[in-house]
Amino acid sequence: MRISGAEAVIRCLLAEGVDLIYGYPGGAIMPVYDELYKFQDQLHHVLVRHEQGATHAAQGYARATGKVGVAIATSGPGATNLVTGIADAQIDSTPMVCITGQVGRHLLGSDAFQETDIIGISTPVTKWNFQVTEASQIPEIIAKAFYIARSGRPGPVLIDITKNAQFDELDFSYEKCTGIRSYVPVPKLNLDKVAEAAALINSAKKPLIVFGQGIILGQAEAEFKAVIEKSGIPAAWTILGLSALPTDHPLNVGMLGMHGNYAPNLLTNECDVLIAFGMRFDDRVTGKLSTYAKQAKVIHFEIDPAEIDKNVKTEIAVLGDVKESLAALLPLLDAKSHDLWHNEFKALAEVEFNSVIKEELNPTNGKGISMGETIEMINKHSKGDAIIVSDVGQHQMFACRYAKFNSTKSNITSGGLGTMGFALPAAIGAKMGKPEREVVAIIGDGGFQMTIQELGTIFQTQVPVKIVVLNNEFLGMVRQWQELFFDNRYASTKMINPNFVAIAEGYHIQSKKVTQREDLDEAIAEMLASKDSYFLEVMVEKENNVFPMIPTGACVSEIRLS
């Protein structure tokens with residue numbers, strides 16, 4: 001079949017099972033958009049209002065479904081506007097394929113109109129990228145792109161296609177990629193290492209499991225649950241690992257890291273064996289590396305060899321697919337309960353509840369609405385079944401600390417990059433990927449205004465996303481640091497905000513503003529009962545802080561309750 005390169009792009013996407021893409025048209029990608037018009041009954045394109053929104057929406061889709069998200073843009077500023085979302089996907093291991101248009105091959109390097117070296121720009125933040133200059137390259141390169149994006153440790157791939165390659169013709173055939181020479185996405189599992197790990201775990205008196213998003217990406221939730229239940233080991237999570245294990249599971253001891261729970265952070269430096277599954281020991285989890293878990297023997301189950309010994313020295317490294325690793329580990333483990341060790345977690349959890357949580361969920365002394373009680377009210381009406389998409393800041397930490405989850409792939413947030421503006425477009429992608437599930441975006445007043453234009457995407461597509469803006473009229477997390485570490489010098493953190501409800505209503509989205517605690521319950525019930533999109537602004541306490549907190553550069557044992 002002899003077709004144009006532009007048509008080949010569409011046929012390749014269809015062959016990969018893609019049915020939904022996010023993008024914004026422009027001159028250098030116009031031939032592909034012309035073919036999209038012809039195939040619109042098979043491939044649904046969502047017109048976002050900014051290219052960054054396309055990448056975040058593709059991320060939300062990928063994180064909610066486990067499939068590869070797809071974003072498309074034109075050359076120059078269209079391509080560069082994708083970069084923030086691509087970088088976010090890279091550090092959070094999100095499978096995504098981005099396709100950009102480029103000026104014709106004969107114009108490359110001439111500083112032509114809307115020419116930018118997107119290959120050079122995106123190289124540090126992509127798993128792989130490639131510039132297509134001939135139509136005949138398109139099928140092979142797109143096949144490789146999807147294979148690389150979804151295999152092993154997932155990540156974003158960018159394909160830049162010159163305009164001549166879109167217009168030129170090729171003899172089309174498509175074969176999915178199943179392997180690339182020298183690329184080994186999944187290391188071969190060493191069963192001797194698994195046996196060594198099991199022996200060390202069985203001998204431990206105070207073992208602690210820390211788990212990350214690798215459990216979710218590896219679809220290993222069932223195997224992981226079986227391992228912790230047999231071994232009786234307390235398990236703590238990173239924010240991207242949240243929802244891999246139900247939050248009310250008796251062995252779930254809470255969140256690690258800077259604003260994590262008191263017990264798992266403090267007892268990290270008291271455990272004798274630390275077992276890490278699918279997490280990368282980033283600085284927000286470890287705090288001061290020179291003091292992190294020095295008393296413990298560390299076992300690291302990981303798919304990416306680059307993460308082994310990168311930050312934390314391991315006693316035993318088990319490379320491989322985590323689902324396969326856990327299945328091999330399970331029969332080698334002794335059945336235990338570790339009751340005395342669990343009692344230490346329970347005692348510290350009680351301290352945290354009395355010092356922090358009780359007041360956060362039920363504020364007294366005439367305080368305004370808190371972020372924590374708002375999240376708890378959402379729990380009451382969602383019953384832990386919603387997908388929560390949070391932005392970045394104080395509200396993100398409150399959402400991760402207090403949201404309840406019954407099932408996996410339910411917590412979607414920007415982890416490693418910490419991208420403000422992530423949540424609104426990501427929630428659009430999550431809802432389109434999982435239309436049967438309730439999707440609630442939790443956003444601060446600062447982050448909301450970074451991608452507020454995507455309300456237009458919600459209006460045009462009628463996707464029924466629920467949006468909750470927790471408005472404290474500050475860049476809350478920065479303000480908290482200014483209060484604690486910069487003598488209350490609130491430099492450029494106070495927000496003079498517009499009328500958010502009026503803006504949302506301008507996009508014909510049902511809206512409500514809550515200023516009084518007694519109205520919160522009814523407003524959230526009404527929002528979640530709505531079959532349409534809904535915008536809820538909650539005016540929360542202006543100078544409330546999120547605790548516990550590990551100060552930057554401090555040891556995890558130096559976690560502060562106030």
Any Lys/Arg nitrogen of [X] or [Y] sitting under 4.0 Å from an Asp/Glu carboxylate oxygen of the other?
| X | Y | result |
| --- | --- | --- |
| Arg401 | Glu352 | yes |
| Lys288 | Glu558 | no |
| Lys346 | Glu350 | no |
| Arg479 | Glu483 | yes |

For [Y], is there any backbone N or O sitting under 3.5 Å from a side-chain donor or acceptor partner on [X]?
| X | Y | value |
| --- | --- | --- |
| Gln90 | Gly155 | no |
| Gln102 | Thr116 | yes |
| Glu270 | Lys206 | no |
| Glu307 | Gly278 | no |
| Gln137 | Thr133 | yes |
| Asn261 | Ala236 | no |
| Lys230 | Leu333 | yes |
| Asn252 | Pro246 | yes |

### Message
Among Trp237, Phe211, Phe301, which residue satisfies the ring-ring contact (aromatic ring centres under 6.0 Å, His included) criterion with Phe277?
### Response
Phe301

## Note on the structure
Between the CD1 atom in Ile86 and the OG1 atom in Thr80, the distance rounded to the nearest 0.5 Å is 10.0 Å

### Query
Atom CD1 of Ile142 and atom CZ of Phe130: how far apart are they, to the nearest 0.5 Å?
11.5 Å

### Message
Ignoring hydrogens and geometry beyond distance, is a side-chain donor-acceptor pair present between Asp92 and Ser414 at under 3.5 Å?
### Response
no

### Task
Return the orientation label for the Phe345 and His342 ring planes: parallel under 30°, perpendicular over 60°, tilted otherwise.
tilted

### Query
Nearest heavy-atom pair of Lys144 and Ile180: which atoms, and what distance?
CG-CD1, 4.1 Å

